[in-house]
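If you scroll down you'll find the structure; I have some questions about it.
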Amino acid sequence: MEIKDYMKLPYTKLVQEMNDESGHYFYGRVLELDGCQSTGDTLEELYQNLNEAMEGYLEVKQENNLPIPIPETSNNYSGKFTVRLPKTLHQKLAIEAKKEGISLNQLVLYKLVL
């Protein structure tokens, strides 16, 4: 497969608006391509820079005969997973959920998204 074909695939791009000691900018990364990231002053600039970073990433992988990950799709996931945790943490979370009037699942989902 050629690089232009990989560029057309629906990779997962995570974009964050940043305000830190460097100022205001946008940061983006491609989740399936470890280390593939870029920044831009605007969203448009970020997407342009991120696409350039992707092309460079893919070129290096291809030149070195390294495997190139393909995009993940939500069809590959059921939406549930099992987590083991200490009994005391389970108790704390259950009490917090009860106080909020929500299920333990809702509370954990809320905490994961933060």
Side-chain angles (χ1 to χ4, degrees):
M1 189 181 295
E2 293 184 34
I3 291 177
K4 65 180 175 126
D5 299 318
Y6 282 106
M7 293 297 293
K8 293 177 185 175
L9 296 176
Y11 284 101
T12 308
K13 295 176 182 173
L14 179 66
V15 174
Q16 293 176 277
E17 186 172 7
M18 306 296 288
N19 283 303
D20 59 21
E21 62 277 352
S22 299
H24 178 265
Y25 61 98
F26 294 91
Y27 166 77
R29 62 188 172 120
V30 182
L31 295 183
E32 294 90 351
L33 306 179
D34 190 37
C36 185
Q37 58 191 0
S38 193
T39 61
D41 290 334
T42 65
L43 283 172
E44 182 178 306
E45 182 180 337
L46 169 65
Y47 282 113
Q48 181 179 351
N49 293 343
L50 195 53
N51 282 335
E52 288 175 12
M54 281 180 66
E55 283 185 47
Y57 179 98
L58 295 168
E59 286 172 1
V60 168
K61 288 284 193 179
Q62 210 167 50
E63 287 169 2
N64 292 288
N65 294 318
L66 296 170
I68 298 174
I70 58 170
E72 294 285 339
T73 66
S74 59
N75 294 338
N76 295 342
Y77 302 94
S78 67
K80 63 181 179 178
F81 66 97
T82 302
V83 178
R84 302 230 181 258
L85 54 139
K87 289 180 182 181
T88 54
L89 179 56
H90 186 178
Q91 177 187 18
K92 177 184 171 194
L93 292 170
I95 290 169
E96 187 176 344
K98 187 173 183 179
K99 283 182 182 177
E100 293 293 326
I102 59 176
S103 71
L104 182 57
N105 277 341
Q106 286 175 310
L107 178 70
V108 170
L109 179 62
Y110 171 75
K111 289 185 177 282
L112 284 172
V113 172
L114 288 179

Interatomic spacing from CD in Glu17 to CG in Leu46 - rounded to 0.5 Å: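 CG of Leu46 is found 11.0 Å from CD of Glu17.
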Closest heavy-atom pair and its distance - Pro71, Leu9: CG-CB, 3.5 Å
Non-hydrogen side-chain atoms of Leu93 and Leu85 separated by less than 4.5 Å: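 Side-chain contact under 4.5 Å: yes.
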Cluster check Val108, Phe81: I/L/V/M/F/W/Y, side chain < 4.5 angstrom: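 Same hydrophobic cluster.
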Greater than 12 external heavy atoms within 6.0 Å of Asp34's CG: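 For Asp34, atom CG is not crowded (no more than 12 foreign heavy atoms under 6.0 Å).
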For Tyr25 against Gly23, the heavy-atom pair lying closest together: CD2-O, 3.6 Å
Partners meeting ring pair (Phe, Tyr, Trp, His ring centres under 6.0 Å) with Tyr11 (sequence neighbours left out):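 Tyr11: no ring pair (Phe, Tyr, Trp, His ring centres under 6.0 Å) contacts found.
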Single-linkage hydrophobic cluster, 4.5 Å side-chain cutoff, Leu89 and Ile102 together: yes
Neighbour count above 12 (heavy atom, 6.0 Å) for Ile70 CD1: no
Joint hydrophobic cluster, Val30 plus Phe26, side-chain heavy atoms closer than 4.5 Å: no
Pairwise side chain to side chain donor-acceptor pair (under 3.5 Å) hits with a residue in residues 37-51, at least two apart: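 Matches after skipping sequence neighbours: Lys13-Asn51, Tyr27-Gln37.
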Smallest separation among heavy atoms of Tyr57 and Cys36, with atom names: CD1-CB, 3.9 Å
Shortest non-hydrogen contact from Leu58 toward Ile3: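 For Leu58 and Ile3, the tightest heavy-atom pair comes out as C-CD1, 4.0 Å.
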Hydrophobic cluster identity match, Leu104 and Leu109, side-chain contacts under 4.5 Å: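 Cluster IDs for Leu104 and Leu109 differ.
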Contact list for residues 51-62, test salt bridge (charged side-chain N to carboxylate O under 4.0 Å, His left out), sequence neighbours left out: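 Every pair satisfying salt bridge (charged side-chain N to carboxylate O under 4.0 Å, His left out) with a residue in residues 51-62: there are none.
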Side-chain (Gln62) to main-chain (Met1) donor-acceptor, under 3.5 angstrom: yes
Connected via hydrophobic side-chain network under 4.5 Å: Val83 and Leu107: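 Yes, Val83 and Leu107 fall within the same hydrophobic cluster.
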